[in-house]
Amino acid sequence: MSRFIKPSGVITSKEAQTMDQAFDERYAAMSKCIGKDDNRSSWWSLDDMRNFLSYAENQARELGYTMDGVRIYQGAHGEMGYASMFMAPTGSKGTGGSRQAAGNGDIPDCDALNDGGNGNPPSANYPQ
């Protein structure tokens, strides 16, 4: 029998909707600034997520780091492009490292994951 552990930080769907609605004012200002409705979300398949985590953990180890998580950054594709998100591996030098409350630093020279799909349409709120 498999035992699933609920990760810390899990929020309810209602809490996610509240956070999404709280973003509306910021989203409107960003969209006005670039002159079009911007992208509100990014999507990755489970395979891409699992493969990236394995790939990044191996790459971190080859660089002499112990990966402890990922940090998600907001970004944009090119000048005046849609908003996007990318994930960067975090960790500590060596094999032990002490875990900090906000996670350790980004791992220099480790690849990040981008190219997640946009929302459908890009301006769609949660849930889609």
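Here the structure is a predicted model, which means the values were calculated and not measured. The first residue in the sequence is number 1, and the count goes up from there.
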Using the six-membered ring of Tyr126, assess whether NZ or CZ of Arg40 lies under 6.0 Å from its centre and within 45 degrees of the ring axis.
no
Taking all heavy atoms of Pro7 and all of Val10, pick out the closest pair and write down the distance.
O-CG2, 3.1 Å
Hydrophobic cluster membership, Ile72 vs Ile107, 4.5 Å side-chain cutoff
yes
Search all heavy atoms of Ala60 against all heavy atoms of Cys110 and return the closest pair with its distance.
N-SG, 3.8 Å
Could you measure the distance from the OG atom of Ser84 to the CG atom of Asp115? Nearest 0.5 Å is fine.
7.5 Å
From CA spacing to verdict: side-chain contact (heavy atoms from CB on, under 4.5 Å), Met85, Tyr73:
CA-CA 6 Å; Met85 306 235 175; Tyr73 284 94; over 6 Å; no
Begin with the C-alpha distance, continue with both residues' side-chain angles, and end with the deciding distance and a verdict on side-chain contact (heavy atoms from CB on, under 4.5 Å) for Met19 and Ile11.
CA-CA 10 Å; Met19 290 180 72; Ile11 62 173; 3.8 Å; yes
If you compare all heavy atoms of Pro127 against all heavy atoms of Gln17, which two are closest, and at what distance to 0.1 Å?
CD-NE2, 3.9 Å
Kindly say whether Leu63 contributes a backbone atom to a donor-acceptor pair with the side chain of Lys93 at under 3.5 angstrom?
yes
How about Thr90 and Asn104: does a side-chain donor come under 3.5 Å of a side-chain acceptor?
no
So Asp38 and Tyr82, side chain to side chain donor-acceptor pair (under 3.5 Å) or not? Walk me through it.
CA-CA 6 Å; Asp38 201 359; Tyr82 276 128; over 6 Å; no
Does Asn39 reach the main-chain N or O of Gly119 with its side chain, forming a donor-acceptor pair under 3.5 Å?
yes
Glu25 atom CD: more than 12 heavy-atom contacts under 6.0 Å:
no
OG (Ser42) and CG (Asn114) are apart, to the nearest 0.5 Å, by 7.0 Å
For a side-chain contact (heavy atoms from CB on, under 4.5 Å) check, start with the C-alpha distance between Leu113 and Trp44, then their side-chain angles and the critical distance, and finish with the verdict.
CA-CA 9 Å; Leu113 180 65; Trp44 292 272; 3.6 Å; yes
Asp111 CG to Phe52 CZ distance, which is reported to the nearest 0.5 Å
7.5 Å
Just by modelled atom types, is the Thr12 backbone N or O under 3.5 Å from a matching donor or acceptor in the Glu15 side chain?
yes
What is the distance from atom OG of Ser41 to atom CD of Gln128, rounded to the nearest 0.5 Å?
4.5 Å
Any side-chain donor near an acceptor of the partner, Ser54 and Glu57, under 3.5 Å:
no
Just wondering, are more than 12 heavy atoms of other shown residues or ligands nearer than 6.0 Å to CD in Gln74?
no
NE2 of His77 to CZ of Phe86, rounded to nearest 0.5 Å, is 10.0 Å
List the steps and the verdict of side-chain contact (heavy atoms from CB on, under 4.5 Å) for Met67 and Leu53.
CA-CA 9 Å; Met67 184 175 154; Leu53 291 173; 4.0 Å; yes
